[in-house]
Protein chains: 2
Amino acid sequence: MSAPTVYDVAERSGVSIATVSRVYRNPDSVRAQTRDRVLEAARALGYVPSGNARGLASRRTGVLGLCFPDYADPAAESGGESDDEYDDSAVMLYSDQIIRGMERAARRHGYALLIAASLEGGPESLVAKVAGRVDGFAVLARTVPTEDLELISRRLPVVMLAGPREIDHLDHIEVANTDGERELARHLIRDHGLTRLAFVGSEEHSPDAEARFRGFREACAEAGLPVPDAPDLRAPMMTQPEGERAADALLDRAGERPQALLFANDQMAVGALRALERRGVRVPQDIAVTGFDGIPLGRLVRPALTTVRQPMRRLGEEAVDLLVRRLTGDRDSPPVSMVLPVSLARRASCGCG
Amino acid sequence: MSAPTVYDVAERSGVSIATVSRVYRNPDSVRAQTRDRVLEAARALGYVPSGNARGLASRRTGVLGLCFPDYADPAAESGGESDDEYDDSAVMLYSDQIIRGMERAARRHGYALLIAASLEGGPESLVAKVAGRVDGFAVLARTVPTEDLELISRRLPVVMLAGPREIDHLDHIEVANTDGERELARHLIRDHGLTRLAFVGSEEHSPDAEARFRGFREACAEAGLPVPDAPDLRAPMMTQPEGERAADALLDRAGERPQALLFANDQMAVGALRALERRGVRVPQDIAVTGFDGIPLGRLVRPALTTVRQPMRRLGEEAVDLLVRRLTGDRDSPPVSMVLPVSLARRASCGCG
DNA sequence: GTGAAAGCGCTAACAG
DNA sequence: CTGTTAGCGCTTTCAC
């Protein structure tokens with residue numbers, strides 16, 4: 001009943017355990033005939049090398065990891081209102097895309113991928129579990145307590161994804177939030193001739209939203225428009241319902257109605273679209289709406305949402321490449337901080353397409 | 001430089017390694033004061049338990065696995081023609097959905113998920129790698145040589161996903177291909193009053209396509225329509241280009257033009273849509289088109305594709321539940337064969353919506 | 001509640 | 001090219 005080991009295979013094929021090991025590790029270092037005997041015995045016994053034992057002995061696992069928060073999914077936050085029309089089988093989450101990117105890249109380098117979403121703390125926390133079983137791993141921003149990361153990163157390569165750099169000496173990859181929003185606002189101003197723009201940020205501590213707001217300000221400054229000190233509105237959370245509420249609030253304000261609503265993310269923008277439709281305000285004729293992220297849902301809604309697309313897939317790939325670099329010698333070159341370019345998706349909600 | 005171990009922690013906190021181990025495994029079995037000392041020492045040293053060592057000693061990893069083929073993605077097969085409009089960030093692949101389902105379920109049960117797409121064979125094959133590092137795993141149909149599975153399943157629980165049951169004594173989950181296609185055809189016949197239906201299958205050995213064809217036949221029989229012995233056409237592969245070709249071929253045939261084209265999968269149906277548009281044949285007015293699978297792309301094309309949606313997400317969840325059952329005692333109850341229900345998505349391409 | 005000792009199954013020098 | 005010999009870092013009886 002208990003699984004066969006190298007000893008069983010060695011005995012059955014009349015060689016030593018070292019040779020069995022070699023057959024699996026470096027087949028060419030064993031005479032073909034011997035190798036075949038070993039393989040045959042292994043086959044007969046149903047032998048499968050224990051990854052744990054190998055890992056223990058060789059101090060490497062051949063596995064890379066990814067920790068992501070449960071809530072890392074803007075799309076998942078929509079909560080109760082699961083429009084059957086947009087059932088979640090269609091909605092690709094951030095984490096899904098990162099996983100895909102990492103999996104591909106990992107495979108190219110001969111690694112497998114271990115994924116885990118945040119559980120609860122304690123000594124048996126998520127990170128510990130992952131960290132103990134991989135050669136290196138990526139963490140989506142704010143998934144893991146900084147303190148834990150600090151600790152773990154002393155023992156194996158860690159790369160932080162998205163979000164701001166929380167720990168100086170860790171490798172870190174983010175997207176060009178500021179550039180993206182600046183370009184988006186610039187497009188609205190220059191190509192559509194809009195001048196009264198409103199930016200909706202977040203009350204939550206969101207460095208991403210802040211960076212985007214900075215981009216917005218820069219575009220205003222460039223164009224000689226008034227440069228706001230703070231977002232026109234901060235939503236309590238960056239969800240669809242809050243976007244809906246935000247749109248209502250902004251339109252109900254006294255004074256001239258803005259010509260464009262720039263939301264810090266797509267979820268809110270999609271919510272806003274709904275509010276505007278309800279109020280009979282036409283998009284983009286009466287008002288333009290934009291988001292940020294490039295979630296697939298943005299393409300499904302009407303009008304399709306103009307937004308800034310984040311290259312999540314590439315984020316995952318770069319993460320793996322970085323980890324592999326660290327694992328293959330380059331252990332102590334200075335920490336990398338990489339900013340991936342984003343791209344503007346001009347769709348109907350701003351008057352394009 | 002080398003990572004601290006239980007010994008280091010034990011020494012620093014003045015206890016034995018057994019106690020250190022207990023703190024991580026069963027905190028309550030250690031006096032609070034002792035525990036805190038240990039935890040503090042661990043923290044100070046940057047101690048992270050080695051998953052490999054734990055796995056070796058305890059004979060369990062707390063990890064479940066998934067092997068999926070590289071080509072498991074109907075959506076990925078479209079190959080060269082990457083319509084920028086449908087960039088892949090929007091396209092959720094089967095494997096992505098299964099991963100998501102498995103990850104969620106695994107997390108609920110306290111497991112992490114190890115994923116790996118097929119690499120190459122050899123002793124160091126994909127399965128071996130995964131199999132050696134998990135407590136049990138799921139395999140997408142035809143990812144892994146039957147022979148290997150046969151072997152491995154002697155040592156740990158394996159569940160096969162989708163496709164037909166290749167190995168009798170393995171747990172197996174599939175979707176209701178026959179039921180789904182039957183219902184789809186019935187809908188065309190009863191609700192839209194169509195009588196000349198053409199089914200496009202595959203030349204490849206595809207039990208799924210065959211099962212769907214059976215459903216088609218049953219619906220025909222039920223309705224008193226002629227029951228074909230074989231699909232009206234078998235495409236060499238179930239891809240978009242082949243679907244395009246198939247539509248052309250079918251329309252070029254002598255005799256009355258069919259009123260509906262039922263494709264064995266969405267990819268082909270999407271290709272067909274393109275062919276029909278090119279020829280100026282209107283869908284659904286001149287001819288109805290249906291697919292099978294429920295890929296997101298089907299919702300983006302115009303007209304939106306009527307299809308049968310497979311619950312991939314649930315497939316993943318059920319797989320995990322099954323594995324966990326096997327891992328918690330129920331080792332030798334007879335193999336399960338589960339068929340998940342599918343659902344009809346009536347959209348514009350059949351005349352609905 | 002805590003310690004001592006014996007492996008878990010493999011890799012990694014080092015010999016031969 | 002193959003065998004010998006130590007561990008890798010932890011869990012697990014079994015004592016105390």
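Not measured: the values here are computed from a predicted model. Sequence lines set the chain letters: A, B, ... in the order given, protein chains first and strands last, and positions in each chain run from 1.
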- Message: Side-chain N or O of B/T34 versus OP1/OP2 of C/dT2: is the shortest distance under 4.0 Å?
- Response: yes

- Message: Rounded to whole Å, how long is the line connecting atom CD of B/E11 with atom C1' of C/dT2?
- Response: 18 Å

- In whole angstrom, give the distance that lies between atom CG of A/L56 and atom P of C/dA12. 12 Å

- For B/L156 and C/dG9, what is the distance between atoms CG and P respectively, to the nearest whole Å? 14 Å

- Does the side chain of B/V127 reach to within under 4.5 Å of the side chain of B/I152, using non-hydrogen atoms? yes

- Note on the structure: To the nearest angstrom, the CZ-C1' distance between B/R35 and C/dT2 comes to 14 Å

- Cut-off 3.5 Å, side chains only: do B/R133 and A/T61 have a donor facing an acceptor? no

- Task: Would you please confirm or rule out a distance under 4.0 Å between OP1 or OP2 of D/dG3 and any side-chain N or O of A/S16?
- Result: yes

- Message: Measure CG/B/N52 against C1'/C/dT11 and give the value in whole Å, please.
- Response: 12 Å

- Task: Summarise protein proximity over nucleotides 11-16 of chain D in one line of letters, 5' to 3': B for base, S for sugar-phosphate only, - for none, counting protein heavy atoms closer than 4.0 Å.
- Result: BB----

- Please state whether the phosphate of C/dG9, meaning OP1 or OP2, lies under 4.0 angstrom from any side-chain nitrogen or oxygen of B/R59. yes

- Message: Under a 3.5 Å distance rule, please check whether A/T143 uses its side chain to pair with a backbone N or O of A/V139 as donor and acceptor.
- Response: no

- Message: Around atom CD of B/E11, are there more than 12 heavy atoms from other residues, nucleotides or ligands closer than 6.0 Å?
- Response: no

- Message: Measure CG/B/D36 against C1'/C/dG1 and give the value in whole Å, please.
- Response: 15 Å

- Does A/T19 place a side-chain N or O at less than 4.0 Å from the phosphate oxygens OP1/OP2 of D/dG3? yes

- Task: Please confirm whether B/Y47 and B/Y7 have ring centers closer than 6.0 angstrom.
- Result: no

- Under 4.5 Å between any side-chain heavy atoms of B/P157 and B/R325, yes or no? no

